[in-house]
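First comes the structure, then the notes that go with it.
Atom set for the values below is all heavy atoms of this structure, side chains included, hydrogens, waters and symmetry mates excluded.
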Amino acid sequence: MTVTYEDVTSAAERIGGHVLRTPVLEISPGLLFKLEQLQHSGSFKVRGGVQPHPVGR
């Protein structure tokens, strides 16, 4: 399956009301932290929970 730009933008619109845009902090050059613990659920997994998943892929 190929994911297109339209697939990504469509998914972003669907999850927009359910997830927060979390910051990325650069601690030192090349060391980045994505602060997913700031999500309402405390994890990144909520994104997949609000997406439709086709059966049989």
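The closest side-chain heavy-atom distance from T22 to K34 is below 4.5 Å. Between L35 and V24 there is no side-chain heavy-atom pair separated by less than 4.5 Å. Between V8 and V3 there is a side-chain heavy-atom pair separated by less than 4.5 Å.
Side-chain contact, D7 with T4: a donor N or O sits under 3.5 Å from an acceptor N or O.
Atom-to-atom distance recorded for L25:CG and F33:CZ is 8.5 Å, nearest 0.5 angstrom.
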